[in-house]
Protein chains: 2
Amino acid sequence: MARWDPGTEDRLRQAALDLFAEHGYDDVTVTQIAERAGITRRSYFRYFPDKREVLFAGAEQLPLAIAEAVLASAEKSAPAIALDAARQVGALLVGRVDRTAERRAVIASSPELQERERTKAAAITTALCDALVERGAAVDEARLVARLVAVCFQEALERWIDTGEAFESCLDLVAASVRSAAEVFPPQVSS
Amino acid sequence: MARWDPGTEDRLRQAALDLFAEHGYDDVTVTQIAERAGITRRSYFRYFPDKREVLFAGAEQLPLAIAEAVLASAEKSAPAIALDAARQVGALLVGRVDRTAERRAVIASSPELQERERTKAAAITTALCDALVERGAAVDEARLVARLVAVCFQEALERWIDTGEAFESCLDLVAASVRSAAEVFPPQVSS
DNA sequence: CAAGTGATGTCTCAGTGTGCCATCACCGAG
DNA sequence: CTCGGTGATGGCACACTGAGACATCACTTG
């Protein structure tokens, strides 16, 4: 019936989210997702490499987007560049994600999905780090800054979902909090 | 032959690391690990819940250790407490891990294992956050600080492996770097 | 020496992920 | 219009993971 229908990937995403939300991730099989989308199990794996990925479609664009933002940023220091890039990519991301709350709830209910989500975050961190290096930062500094800003990014995203405020405001708030927290760290002493 | 021998769990860890290092994680089956350790595949799953966990045995102690360290710390502010706890737990951890380099290489070669490693790090972060809350920190602040210090912890561990310096020195260095990086963040403005 | 306990082995099964090949729809060349 | 090519799909088979159910063995305790 649905063979050759366009939008199969979209139907798979919808079907998966529906089923996961209703029965829980573990109690849903790939076969069920595929059948609800009108294809077979075998064809599902031609759209997504495994059962988890169906919830993270589109996430592969974020690393590229953040790398571009870094290379295009007018800021000078690595932390400022990275935060600037996070601001832009976050603002872009915010409009795109569908069924945010349901998706969040499903992921929160499954350790497997949380693992995958962390992988996506790690990919962003890596891309950010590489881009900073490409802009001339030292590898050590780039990695640290990337991780730091990745934390800000995630935290800001969560606050955005929870509060509904503008993403930029969330990010600024988080950045200011990080700054305050880091001020407590010892400047150089060792004991 | 090995039935009822003590130290089965150790043998499984050794066998797994041997096999993973030699043939790669994907090309080793649980059956092979179990047989090299002198038990059956079914019994393997009575020691470890899945194929990955055999490389992360003992990691479940870190969240407890860091929680205790937080509750016992003499510091006052949440960031200082967290960093203090990280220092103690790191120093404790450092002597314990076996075959660090091989283990690191194996994990680096498999996305699946990297996912699991991130899960372990996340567990530490969660425990740290909860402990900070228990000491009276606000949830938002605790989560942010926990993530921040978790980044410091990881970064310090990596530098420790790479350089061989004392863990505490690595952590102090990282903390100072974070402080410098965060100073660049805008204090409150939004555009 | 008999019962109990805990670790292990055996068997079975659902589900994942993949290779291989047949099939179907569509498209352009003749 | 027919033919072959191309790409997406279905069908089949397979190795592996992880788990339930039950039997078996060693060791302990009475």
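Letters A, B, ... mirror the listed sequences (proteins, then strands); counts begin at 1.
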**Report entry** Glu35(B) CD to dG9(C) P, straight-line distance once rounded to whole Å
**Finding:** 10 Å

Tabulated below should be each protein N or O lying under 3.5 Å from an N or O of nucleotides 19-21 of chain C; please produce it.
residue, atom, partner, partner atom, Å
dG19(C), N7, Arg42(A), NH2, 2.9
dG19(C), O6, Arg42(A), NE, 2.6

Requested in this report: Establish, for the pair Arg13(B) and Phe56(B), whether the NZ or CZ atom is under 6.0 angstrom from the six-membered ring centre and no further than 45 degrees off its axis.
Outcome: no

Report task. Please report, rounded to the nearest Å, how far the P atom of dA7(C) is from the OH atom of Tyr47(B). Result -> 8 Å

Query - Check: Arg41(A) side chain, dG15(C) base, donor-acceptor under 3.5 Å - result: no

**Report entry** Contacts of type side chain to side chain donor-acceptor pair (under 3.5 Å), residue Asp140(A), not counting sequence neighbours
**Finding:** none

Query raised in the report: Ser43(A) side chain: which of dT9(D), dT18(C), dG9(C) is closest?
Result: dT9(D)

Query - Nearest-Å distance for atom pair CZ/P, residues Phe48(A) and dT18(C) - result: 14 Å

Requested in this report: Looking only at non-hydrogen atoms, find the nearest pair between Arg87(B) and Asp172(B) and report the distance.
Outcome: NH1-OD1, 2.7 Å

Between side-chain atoms of residues 65-77 of chain A and protein atoms elsewhere (two or more places apart, or another chain), which donor-acceptor pairs fall under 3.5 Å?
residue, atom, partner, partner atom, Å
Ser73(A), OG, Glu75(A), N, 3.1
Ser73(A), OG, Asp84(A), OD2, 2.8
Ser77(A), OG, Ala80(A), N, 3.4

**Report entry** DNA chain C: 5'-proximal contact among Phe45(A) and Tyr44(B) (nearest heavy atom)
**Finding:** Tyr44(B)

Query - Length of the line joining Ile39(A):CD1 and dG7(D):P, which is rounded to integer Å - result: 19 Å

Query raised in the report: Do Gln14(A) and Arg99(A) meet the criterion of a side-chain donor-acceptor pair at a distance under 3.5 Å?
Result: yes

Requested in this report: Please state how far atom CG in Asp50(A) lies from atom P in dG18(D), giving the value in whole angstrom units.
Outcome: 14 Å

Query - Atom-pair distance (CD on Glu9(A); P on dT9(D)), nearest Å - result: 11 Å

Query raised in the report: Any donor and acceptor pair, going by atom type alone, linking the side chain of Arg11(A) with main-chain N or O of Ala37(A) inside 3.5 Å?
Result: yes

Query raised in the report: What is the distance, rounded to the nearest whole Å, between atom CZ of Arg52(A) and atom C1' of dG15(C)?
Result: 12 Å

Query - Distance test, side-chain N/O of Thr8(B) to OP1/OP2 of dT8(C), below 4.0 Å - result: yes

Report task. Send over the distance from Asp26(A) CG to dA14(C) C1', rounded to a whole Å. Result -> 13 Å

Query raised in the report: Where is the tightest heavy-atom contact between Ala146(B) and Leu132(B), given as atom of each residue plus distance?
Result: N-CD1, 4.3 Å

